[in-house]
Amino acid sequence: MKTYLSAFLLLFAVYVKAQDAPEVVTTNPSDSLSGNLTHTRWQAEGAFGYSQGVRPYNEGYYATYNDKPFGKIRLNSFTAGLTYNFSRKLGVRTDLAFDHLKDIDDNSLDFETVYLRMSFQAVLNITSILNSNYDTWRFQLLAHGGFNLGSLITVRTKPDQIVGSPDLTGGVVLGVRPQYRITRKSFVFFDFSMFTNYRQNHAWDGRVAQENENLTAKLVNASVGITYSFGKPLGK
């Protein structure tokens, strides 16, 4: 948790510093939300959230409370990303993410794994596609999808614990992102993504998966974050 807090404070400091940078204001300078949205080539983002390995798990292992709504959500994921926009409708995005998975119910066998992942995705601005005259809108809806590469690593929690090599994974990711404008260049967003790996030999508990579930896996992520736009302005 200290690591997450430190990362959050660093992200917040960078965000505040970015807001202090001068920008051209074409309307009332006292209101950063007045006038049209500033569209630029680049967007940087940072987010915190919750990742849950859906399947597979070996017998006796699981990562949720079966008797609690949504299995008890906890902060265990951090993402940093960068988007390049070809136009107001289409962009490409890459990100790096860290997921920390472990048992949280005493009825589960002990396990702890870290999932490091990178994705390359296309981003569609659904709001812009449906309505080209949306510059003054504060709300937008994005859809994104592409492929995902990762490494599932078992964390050594006991001195005598045998830890195998990291499991290299690959698959696809699809997601949706509603976002709300807070300044001319910044949004807060909620992102929901689903990852389907077609190359994963280990279960999320770090052990080799059962034969009938070997090579395939699913993980979901829900995150809240901030984006900041910079670079060359986009045309209409």
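The shown structure was predicted, so the numbers you read here are calculated from the model rather than taken from an experiment.
- The hydrophobic clustering, which links ILVMFWY residues whose side-chain heavy atoms are closer than 4.5 Å, places V123 and L141 apart.
- Between Y84 and F86, the ring planes are perpendicular. Angles over 60° get that label, and only those under 30° would be called parallel.
- Annotation: side-chain hydrogen bond (donor to acceptor under 3.5 Å, both in side chains) contacts of R177 (sequence neighbours excluded): E45, D191.
- For F48 and F78, the ring centers are positioned less than 6.0 Å apart.
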Before giving the answer on side-chain contact (heavy atoms from CB on, under 4.5 Å), spell out for N197 and T216 the whole-Å C-alpha distance, their side-chain angles and the decisive distance to 0.1 Å. CA-CA 5 Å; N197 288 338; T216 61; over 6 Å; no
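- Linking Ile, Leu, Val, Met, Phe, Trp and Tyr whenever their side-chain heavy atoms come within less than 4.5 Å leaves I153 and M118 in two separate clusters.
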Verdict with reasoning, F139 to Q179, per side-chain contact (heavy atoms from CB on, under 4.5 Å): CA-CA 6 Å; F139 175 83; Q179 58 182 22; over 6 Å; no
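- In this structure, R117 and D99 have side chains that are in contact, with non-hydrogen atoms separated by less than 4.5 Å.
- To the nearest 0.5 Å, atoms CZ (F189) and CD1 (I182) are separated by 11.0 Å.
- T196 contributes no side-chain N or O that, together with a main-chain N or O of K218, makes up a donor-acceptor pair within less than 3.5 Å.
- Residues satisfying the side-chain hydrogen bond (donor to acceptor under 3.5 Å, both in side chains) test with R199, not counting sequence neighbours, are D167.
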Quick one, E59 with R207, criterion side-chain contact (heavy atoms from CB on, under 4.5 Å). Give me CA distance, side-chain angles, the key distance, then yes/no. CA-CA 10 Å; E59 185 176 356; R207 280 72 179 172; over 6 Å; no
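- A 4.5 Å side-chain heavy-atom check between N214 and V208 finds at least one atom pair inside the cut-off.
- A ring-centre distance under 6.0 Å is not found for F190 and F192.
- One distance of note links OH of Y228 with OG1 of T183; it measures 7.0 Å at 0.5 Å rounding.
- Between the OG atom of S223 and the CG atom of L75 there is a distance of 9.0 Å, given to the nearest 0.5 Å.
- At a threshold of 4.5 Å between non-hydrogen side-chain atoms, the residues V54 and V220 count as touching.
- The line from CZ of F98 to OG of S51 is 10.5 Å long, rounded to the nearest 0.5 Å.
- With hydrogens and angles disregarded, no donor-acceptor distance shorter than 3.5 Å links the side chain of N125 to the backbone of L142.
- Between S119 and F147, every side-chain heavy-atom pair lies at or beyond the 4.5 Å cut-off.
- In this structure a side-chain-to-backbone donor-acceptor pair under 3.5 Å is present from Q200 to H202.
- Between the CG atom of L90 and the CG atom of N85 there is a distance of 8.5 Å, given to the nearest 0.5 Å.
- For Y115 and W204, the ring centers sit closer than 6.0 Å to each other.
- Linking Ile, Leu, Val, Met, Phe, Trp and Tyr whenever their side-chain heavy atoms come within less than 4.5 Å leaves L174 and V172 in two separate clusters.
- Inter-residue side-chain proximity for E112 and H100 is flagged as met; some heavy-atom pair is nearer than 4.5 Å.
- A distance of 5.5 Å separates OG1 in T79 from CG in N221, rounded to the nearest 0.5 Å.
- At distances below 3.5 Å, not a single donor-acceptor pair connects side-chain atoms of N148 with backbone N or O atoms of V173.
- Transitive grouping of hydrophobic side chains (ILVMFWY, heavy atoms separated by less than 4.5 Å) brings L82 and V92 into a common cluster.
- At least one side-chain heavy atom of N76 sits under 4.5 Å from a side-chain heavy atom of Y50.
- Residues D205 and T113 are not in side-chain contact: their nearest non-hydrogen atoms beyond the backbone lie 4.5 Å or more apart.
- Counting heavy atoms from C-beta on, the side chains of V114 and V155 come closer than 4.5 Å.
- V176 and V188 fall into different hydrophobic clusters, defined by Ile, Leu, Val, Met, Phe, Trp and Tyr side-chain heavy atoms under 4.5 Å apart, directly or through other members.
- In plain terms, the two heavy atoms of N58 and A203 that are nearest each other are ND2-CB, 3.8 Å.
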